[in-house]
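No hydrogens, no waters, no symmetry mates; every other heavy atom, side chains included, goes into these values.
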Amino acid sequence: MRRELLTGNGAAAWGARLARVDYVPAFPITPQTEILETLAAWIDTGTMAGRTVTLESEHSMITAAGAAAATGVRVFTATSSQGLLYGMEMVYTVAGWRAPFVLINVSRGLSAPITLEPDHNDVLATRDSGFLQIHCSTCQEVLDTVLLAYRVGEDERVRLPVIVNLDGFYLSFTREPVEVPDPARVDGFLGSFDAEDTRFRASAPASQAVAVLGGSPYSYFRYQTHLASLNALAVYDEAAAEFAGVFGRTHAAVEAYRCADAEMAFVLIGSFATKAIDAVDRLREAGIPIGLVRPRLLRPFPAASLQRLLAGKRGVAIIDQNLSVGMGGVLSTELTSALYGKADAPPILASFIGGLGGRDIRPEEFYEIARVLRTAIATGVSPGPRLLYTGEELREVRKLQAIAHVERSAVETER
Amino acid sequence: MIETVYKRMKDLPSAHLLGTGTPMCTGCGGLEALHEIYDVLGPKSVFINAAGCMTLLSVYPFTPFRGSWLYAAMASAPAGAQGVRDALDILREQRRMAAGEDLEVVVLTGDGAAYGMGLSATSGAIERNLDFLYLCYDNEGYGNTGQQYSGATPHAARTATSRGSGGYRGHKKDLFAIWTAHRPAYVATGIGSEPLDLARKVERAKRLKGPRLIIVLAPCPTGWDYDPRDSVEIGRLAVKTGVWPLKEYTDGEVVHTKRPHPRAPVEAYLQRQGRFAHLFAPERNEALLADIQNAVDAYWAAVPEEA
């Protein structure tokens, strides 16, 4: 074991290397490219065994990933944003193949307008695909989660591909000290990939991913996929417990910070948890009894853990770094459905949308969220969803709009 | 001539490998060709399929294939072939799989995928020098959805989306030229009604490494509107009239494997099919008929006499 300063992208590449992946189908996209460049360099120099190939699109990349996994090798790939959506047909398709592999998504906001900076709308678009989905908040978590993802996805009770998500820029390009585990201990934890009978061999012809006629066989296979995903809840807990025993780091399906004695909680996913933890500490210093609940596992949805952690709280503020247009925050909707009708469920749920396209959520905004939440608790009325935006930001955008108008009228005058 | 075990019709395999009872239409020219191809290719193969008529060959829990099958998606069967080929190579290199377990990786798509949605994936697979065989059954339209026009539809053909008096206004894309421009190991055209020619081409492709691609014209009773019993005859006419040139490409050179001589007029082929009936009734469309004949004449005029 050694400590290195690694970016989130570097940590993801190390996870793949330590997992001894056989095959890395690739396609470049910002902010993910560094992962695949790092792996390609290791493979080219013989530092790492395996093979990498650059496809001509993410649609083809995910097809090749699923096809290689279905042939019986351990596969790793990565993408972001538009790339994930370009490959979306295959995200759903390969999940149904029940051939496990790991796909890193480095979160980035979706077009339009086109941007390079992060939010979670890209990865949440895969929510219903059948991929397991795990969200990271630190570079260490990225490395560790890649190992956990193989362990859980390849488990015979699960057999599903896994998306490991890290936030673009905030994690992908930020260096943090990361403990790189000893390869022999990783081998002990992970073992080699047992493809079972999901493979192609001359002596054992197989037809995979064939068509079905009628709703009964279709429903059967879809239900099987769903039940396998639900199995991953227990399998994840087992794997995380063993991981903690071997490597000394605990990565619960749902992380809770200063939550046990809290009357209120923030709920969010991803790297902004670091900011939320700081806000919790400051608010605690000010005597406000608040904590943080952060689901790492989003598929399968850890409803029971969330119910347990939030039971008895007086109010919860859900901060979504995504926007389901015409509805609101995805996490808010999911959490509300998990808590509704449960005994001791928090009576106040307040939804906040923020951090879209790389926009920061500042400490003052966390304090304001806490203030709104306390007011709601006092009045007993849950507020409507809030879109985080400051007056200063609005003035800046108005300035940009004014410049755009001036520029256009200048062009029109020249004509 | 290249050495071949298929010198005459009786040399063709007499035992057929592909099972019967598939949901393909009666008289399907694509299935006819696939039977012939599979007999030569053999069951040590994995077919990577794209959305099209033949997706319905393998419907759970039945398959006519003695070998393996993976349904990918309409656009990305060649990428599926890349993943399977690479995985098999990795397993061989790491000695996790015996040489005898290896498989020929075969992409099977219709013209909808080959000429359109899957062209980017095919181009990528060829440029990466993927060792695979690509089989396109070309029935000149999106057949599985009721024969709407595709990039493979010939000029003037009536389709479900070109029902006007002039039929399809576009021209059939030259996929053979697009493929050969990538300089792969092998490209050929074929047709089920010329089984000896097709068997030799599959035999040749099988002996080569790298990207090998074969387009078979697939006469289609439902899409082209003719009696299923006429499929073989219409296929022969496609060759005799010069509408469907039989040729192959290796090492930068195109060789025609069959020269129709004398060439029958294209009308002999067109008038057998309902999709061209509007060229003959209620009155002959002399202009369009001449356009079609001229295009075929121009093609053959540009073909050099071969020794």
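- Counting non-hydrogen atoms of neighbouring residues, nucleotides and ligands closer than 6.0 angstrom, the OH atom of B:Y149 reaches no more than 12 such neighbours.
- At a 4.5 Å heavy-atom cutoff, the contact between B:V46 and chain A is made by side-chain atoms alone.
- With values rounded to the nearest 0.5 angstrom, A:E56 atom CD is found 9.0 Å from B:S76 atom OG.
- Most heavy-atom pairs under 4.5 Å with chain A, from the set B:A121, B:G124, B:P43: that is B:A121.
- Contacts between A:V212 and chain B at a heavy-atom distance below 4.5 Å involve backbone atoms as well as side-chain atoms.
- For A:Y218, the OH atom counts as loosely surrounded, since its 6.0 Å shell holds 12 or fewer non-hydrogen atoms of other residues, nucleotides or ligands.
- Scanning both residues, B:S68 and A:P205, for their nearest heavy atoms gives OG-CA, 3.3 Å.
- The residue among B:A72, B:A77, B:G100 with the most heavy atom pairs within less than 4.5 Å of chain A is B:A72.
- Closest approach of B:A87 to A:T71, counting heavy atoms only: CB-CB, 3.5 Å.
- In this structure, the portion of B:D102 lying under 4.5 Å from any heavy atom of chain A is its backbone and not its side chain.
- When all heavy atoms of A:R201 and B:L103 are compared, the pair lying nearest together is N-CD1, 4.0 Å.
- Between the CE atom in B:M97 and the CZ atom in A:F200 there is a gap of 12.5 Å [rounded to 0.5 Å].
- In this structure, the separation between OG on A:S207 and OH on B:Y71 is 15.0 Å, given to the nearest 0.5 Å.
- In terms of heavy-atom pairs under 4.5 Å with chain B, the best-connected choice from A:R199, A:H59, A:M61 is A:H59.
- Heavy atoms of other residues, nucleotides or ligands lying less than 6.0 angstrom from CZ of B:F176 number more than 12.
- Summarising the geometry of A:V210 relative to B:S58, their closest heavy-atom pair is CB-O, 3.5 Å, with the distance given to 0.1 Å.
- Within the 4.5 angstrom heavy-atom criterion, only side-chain atoms of A:T93, from C-beta onward, approach chain B.
- Side-chain atoms of B:Q82 and A:T63, non-hydrogen and from C-beta on, never get closer than 4.5 Å to each other.
- The 12-atom threshold is not exceeded at OH of B:Y60, counting heavy atoms of other residues, nucleotides or ligands nearer than 6.0 Å.
- Other residues, nucleotides and ligands contribute at most 12 non-hydrogen atoms within 6.0 Å of the CZ atom of B:R183.
- Shown here for B:M74 and A:E89, the closest heavy-atom pair between the two residues is N-OE2, 4.5 Å.
- Of all heavy-atom pairs between B:I90 and A:D22, the closest is CD1-O, 3.5 Å.
- Atom CZ of B:R96 is separated from atom OG of A:S192 by 7.0 Å, given to the nearest 0.5 angstrom.
- Of the listed residues A:T54, A:I62, A:V94, the one with more heavy-atom pairs under 4.5 angstrom with chain B than any other is A:T54.
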